[in-house]
There are 2 protein chains.
Amino acid sequence: MKIGVFDSGFGGLTVLRALLERVPAEYVYLGDTARLPYGAKSRETVARYAVSSAKFLVEEQGAEFLVIACNTASALALDAIRAAVAVPVLGVVETGANAAEASSTTRDVLVIATAATVESHAYASACSERKLRAIEKACPLLVPLVEEGWIESPVTAEVLRIYMAELLEQARVAGLNADTMVLGCTHYPLLRAQIEKAAPSGLRVIDSAEVTAEQVAGMLQVSGRGSEAKFFATDSVKKFRALGSRFLGREIGVVELVDLETAGSR
Amino acid sequence: MKIGVFDSGFGGLTVLRALLERVPAEYVYLGDTARLPYGAKSRETVARYAVSSAKFLVEEQGAEFLVIACNTASALALDAIRAAVAVPVLGVVETGANAAEASSTTRDVLVIATAATVESHAYASACSERKLRAIEKACPLLVPLVEEGWIESPVTAEVLRIYMAELLEQARVAGLNADTMVLGCTHYPLLRAQIEKAAPSGLRVIDSAEVTAEQVAGMLQVSGRGSEAKFFATDSVKKFRALGSRFLGREIGVVELVDLETAGSR
């Protein structure tokens with residue numbers, strides 16, 4: 001089994017890391033770093049980029065299963081990707097919503113994510129399909145804080161305190177009694193301990209990387225550790241290796257540069 | 001006179017705002033928002049994007065003078081842009097370095113900018129050509145703080161305090177006695193008051209938007225207010241209008257969407 005994992009950048013490596021711990025397969029990871037971040041772009045643009053990336057993984061790298069480890073692409077382009085490739089496709093929005101459904105007894109959940117993911121209301125829709133009420137909150141400073149490496153910084157604790165207070169106030173005004181919070185961005189697992197500290201006790205935090213790996217293992221009915229992964233990036237191989245290691249939790253060896261823009265058919 | 005102003009996004013609107021106050025001309029502004037931010041991308045990618053944007057302003061919009069109001073593009077692609085279009089081109093890195101040269105009596109300057117601008121060492125090179133020593137510091141949290149609108153927040157004050165302490169320590173270790181600091185990112189003029197508060201007294205802060213407008217006025221030997229501007233963006237016209245108004249300091253009317261990617265000749 002060869003599994004393709006796609007993200008606009010490095011964040012999806014937290015999902016690959018979780019997959020490598022739980023699902024025995026070969027992996028091909030593509031970070032579309034030349035065109036990141038998807039978060040600020042329109043649905044049309046994100047769909048075009050994500051489809052070209054998915055086709056690369058399936059048609060050129062032979063992936064038999066695709067994990068869209070990018071919340072923005074999962075939110076805006078999952079249908080377009082499913083229409084474009086002939087293999088099963090699982091996105092982190094649905095895996096997060098599935099896990100929230102399993103976790104919540106009050107049927108009320110909170111979601112934190114990037115601005116684009118929130119604007120798409122993809123989590124609210126996915127939750128609504130599962131008869132959950134959801135409040136979504138954009139937290140645009142968390143990705144740069146993670147990339148700056150300020151995980152333990154008091155600045156990060158203060159930013160999380162502010163975001164959490166705003167989110168709980170939103171929930172209070174809407175009359176929600178939430179018992180579950182979904183981390184709707186693949187960068188956020190690196191802040192999981194800090195987020196759990198900032199959250200009120202009794203709020204269960206759903207790490208989308210972890211629950212995605214669990215659901216892939218469930219769908220494929222396998223368990224065990226993954227074998228090696230191959231890495232592709234559309235820009236700055238050097239930066240991918242340097243930053244990516246933090247997300248994967250170990251050194252990244254060879255990263256191949258791939259150009260998804262000049263080939264007309266993509 | 002028609003002046004083209006180019007940036008990867010909204011930040012360059014601080015430069016347009018300064019131009020509108022000082023240089024009588026018609027303006028055409030292009031924000032390459034579909035492909036922002038340039039900051040994380042390689043020299044080759046930035047040059048390709050910037051050249052297609054410059055050609056649009058000159059060949060399709062009739063600009064007779066180009067201001068590259070994007071530090072990353074000025075740092076990585078100015079030569080490529082000059083080779084591609086037949087009009088005068090001025091970039092914010094050189095205008096910032098010119099102003100630092102005029103300001104500094106100690107001949108030592110500090111520069112704060114995005115990671116990509118710092119990694120390019122464009123300011124250090126431009127300063128070195130002017131017989132100035134420069135220390136450059138990447139401040140990746142400032143752009144998202146501005147975009148979040150947290151201008152007056154204690155979080156922003158604390159982030160600036162940390163960055164400033166790190167920068168002054170770098171300067172101390174290198175033996176510099178700086179009297180001038182260049183804001184090497186077009187988002188930073190919105191934080192100018194906060195930055196001046198965080199900086200030690202006696203450090204003159206150079207606002208690249210302001211000094212660029214002054215130098216354009218000097219080159220064209222004109223002064224007075226500009227007439228109306230036309231706006232183009234490559235993505236999310238709605239977001240451009242909403243966020244852009246903050247940078248321009250007034251409402252933005254019509255924004256036209258332009259596609260720089262599908263036309264083969266670009």
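Atoms considered below: every heavy atom in the structure, side chains included; atoms not considered: hydrogens, waters and symmetry mates. Residue numbers start from 1 in every chain, and the chains themselves are labelled A, B, ... in the order their sequence lines are given, proteins ahead of strands.
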Side-chain ion pair, A:E196 and A:R192, N-O less than 4.0 Å | yes
Let me know which of B:V205, B:L183, B:D207 forms a side chain to side chain contact (heavy atoms under 4.5 Å, CB included) with B:Y188.
-> B:L183
Checking [X] side chain against [Y] main chain: does a donor-acceptor pair fall under 3.5 Å?
| X | Y | result |
| --- | --- | --- |
| A:T14 | A:A209 | no |
| B:T186 | B:C70 | no |
| B:R35 | A:R35 | no |

Between B:F56 and B:F6, is the gap from one ring center to the other below 6.0 Å?
-> no
Using the benzene-type ring in the case of Trp, are the ring centres of B:Y29 and B:F232 under 6.0 Å apart?
-> no
Does a donor on one side chain and an acceptor on the other come within less than 3.5 Å for [X] and [Y]?
| X | Y | answer |
| --- | --- | --- |
| A:T234 | A:D32 | yes |
| B:T114 | B:T117 | yes |
| B:N71 | B:Y123 | yes |

Are there residues of residues 146-157 of chain A that reach to under 4.5 Å of chain B by heavy atoms, and which ones?
-> A:E148, A:W150, A:V155
Toward chain B: residues of residues 242-252 of chain A with heavy atoms under 4.5 Å | none
A:L141, A:L145, A:T45: which one forms the most heavy-atom pairs within less than 4.5 Å of chain B?
-> A:L141
